[in-house]
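These notes concern the structure reproduced below.
Order of listing sets the numbers, starting from 1, for every ligand and every atom in it. Since the structure is predicted, the reported quantities are computational estimates derived from the model, not experimental observations.
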Amino acid sequence: MQARLGKVYLIGAGPGDPELLTLKAVRALAQVDVALVDDLVDRRVLEHAPDARVIAVGKRGGCKSTPQAFIERLMVRLATRGNIVARVKGGDPFVFGRGAEEAMAMARAGVPCEVIPGITAGTGVCAVLGVPLTHRGYTHGVTFVTGHTRSGAGPDWAALARAGTTLVIYMGMRRLPEIAGALMTAGMDASMPAAAVQHGTTQQQRHVIATLATLADSSRNAGLGSPALIVIGKVVGLADQVARIDAERRAVA
Ligand code: SAH
């Protein structure tokens with residue numbers, strides 16, 4: 001007899017702090033039979049999935065990893081055997097997370113797939129750091145880019161420098177000296193405030209706030225590595241003020 005078709009929830013687990021999960025994610029996790037979890041996801045998220053068999057499918061840059069095609073085949077196989085499957089990814093599934101590839105693979109295989117958004121590192125980490133990404137007095141927008149592309153060719157840094165929006169760079173730590181150099185060559189001010197944040201929103205968060213010219217050295221001296229986010233723009237210079245307001249509010253509470 002053919003098993004009843006299951007379903008896949010493509011869940012964004014948020015940037016790190018397990019409390020930054022959505023209620024929708026918590027409700028979905030309570031129903032799942034199997035959870036396929038990325039290694040950036042805090043294992044406490046799985047406390048919401050008490051009945052789930054957990055399969056870790058790490059995919060960190062440069063580390064031993066589970067091939068994407070294997071993960072997609074596993075998701076299809078589990079769902080066609082009647083399982084409710086959670087594919088739990090860091091941040092938001094559709095921001096640099098290959099969630100789109102997985103959703104398309106489910107569509108091709110005829111497997112129902114529901115996407116549950118998550119707070120992406122770019123917004124969540126910056127908010128906690130006190131960086132107001134789009135403060136209207138300083139910028140007219142924010143651009144999310146990756147510092148690491150499949151082809152090896154990076155974004156058009158000169159165009160980004162000219163655009164004048166806050167820049168949030170995912171997966172950029174390894175190429176930070178080159179990226180900063182390219183932005184300065186394109187005319188971005190060497191004194192532009194810039195930050196690097198590792199393990200943002202978690203207990204292990206470490207960050208440095210510097211300038212475009214000094215960020216690479218400061219990050220190296222502080223021993224910051226992946227996973228980290230780089231943020232460049234005038235709004236980074238507000239972190240002190242915003243964080244101070246936040247600290248005062250907490251002191252009053
Ligand atoms: N889908 C995820 C991004 C996956 S790409 C999201 O929406 O957030 C992985 C990259 O995200 C890391 O290399 C790093 O640049 C960034 N990142 C994810 N979590 C982070 C965190 N807690 N602190 C800093 N950067 C983080």
Side-chain angles (χ1 to χ4, degrees), residues 9-22 24-25 36-45 56-66 68 71 86-104 115-131 133 142-150 154-155 160 166-180 194-210 215-216 218-220 222-233 236 239 243:
Y9 287 103
L10 199 50
I11 298 177
D17 178 348
E19 296 213 327
L20 291 174
L21 211 54
T22 63
K24 213 175 178 75
L36 305 186
V37 187
D38 273 354
D39 49 14
L40 276 185
V41 174
D42 190 302
R43 290 303 182 263
R44 282 172 291 176
V45 163
V57 285
K59 232 175 341 89
R60 293 284 300 281
C63 301
K64 193 159 156 275
S65 65
T66 315
Q68 184 66 23
I71 297 172
R87 172 72 177 106
V88 189
K89 304 175 76 76
D92 183 272
F94 284 172
V95 179
F96 302 124
R98 298 215 185 168
E101 292 164 47
E102 293 170 10
M104 286 188 237
V115 180
I116 301 186
I119 299 176
T120 186
T123 56
V125 169
C126 291
V128 167
L129 193 66
V131 173
L133 288 173
V142 55
T143 308
F144 293 154
V145 290
T146 172
H148 174 93
T149 54
R150 192 151 48 163
L160 291 169
T166 305
L167 266 184
V168 175
I169 306 167
Y170 291 67
M171 295 170 280
M173 285 307 269
R174 251 187 296 171
R175 299 193 52 214
L176 180 51
E178 279 166 77
I179 292 170
V197 194
Q198 182 177 21
H199 294 304
T201 79
T202 73
Q203 299 287 334
Q204 292 80 42
Q205 172 170 322
R206 295 175 64 227
H207 66 269
V208 296
I209 296 183
L215 186 66
S218 304
S219 304
R220 202 190 48 240
L224 292 196
S226 192
L229 210 61
I230 300 161
V231 197
I232 302 170
V236 174

Structural part of His199 in contact with ligand 1, heavy atom criterion under 4.0 angstrom: backbone
Location of contacts on Val125 toward ligand 1, heavy atoms closer than 4.0 Å: side chain
Would [X] count as a polar contact of ligand 1, with the cut-off being nitrogen or oxygen pairs under 3.5 Å?
X	value
Pro15	yes
Met171	yes
Ala228	yes
Tyr170	no
Gly90	yes

Heavy atoms from other residues, nucleotides or ligands near CD of Gln203 exceed 12 (cutoff 6.0 Å):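 At most 12 heavy atoms, drawn from other residues, nucleotides or ligands, come within 6.0 Å of this atom.
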Closest non-hydrogen atom pair, Ile169 against Thr146: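 Looks like CG2-C, 4.3 Å.
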Which ligand 1 atoms are under 4.0 Å away from a heavy-atom of [X]?
X	answer
Val197	24 (C)
Pro227	12 (C), 24 (C), 25 (N)
Ala121	6 (C), 7 (O), 8 (O), 17 (N), 18 (C), 19 (N), 20 (C), 26 (C)

Is there side-chain contact between [X] and [Y], with at least one heavy-atom pair below 4.5 Å?
X	Y	answer
Phe144	Thr120	yes
Val208	Leu224	yes
Ile209	Val236	yes
Leu10	Ile116	no
Ile11	Lys89	no
Tyr9	Val115	no

Shortest protein heavy-atom distance from atom 4 (C) of ligand 1, along with the residue and atom involved: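 That would be Phe96 O, 3.3 Å.
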Protein heavy-atom partner closest to atom 21 (C) of ligand 1 - residue, atom, separation in Å: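 So the nearest neighbour among protein heavy atoms is Gly200 N, 3.4 Å.
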Heavy-atom nearest option to atom 1 (N) of ligand 1, drawn from Val95, Thr201, Val231, Asp17: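 Considering heavy atoms of Val95, Thr201, Val231, Asp17, the nearest to atom 1 (N) of ligand 1 sits in Val95.
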Option whose closest heavy atom lies nearest to atom 7 (O) of ligand 1, chosen from Val168, Ile119, Thr120: Thr120
Sub-4.0 Å heavy-atom approach of Thr202 to ligand 1: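 Thr202: no contact with ligand 1 (<4.0 Å).
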Sub-4.0 Å heavy-atom approach of Gly16 to ligand 1: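 Gly16 does not count as a contact of ligand 1 under the 4.0 Å cut-off.
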Partners passing side chain to side chain contact (heavy atoms under 4.5 Å, CB included) against Ala228 (at least two apart in sequence or in another chain): Met173, Gln198
Backbone N/O of Ala222 and side chain of Arg206: donor-acceptor pair under 3.5 Å: yes
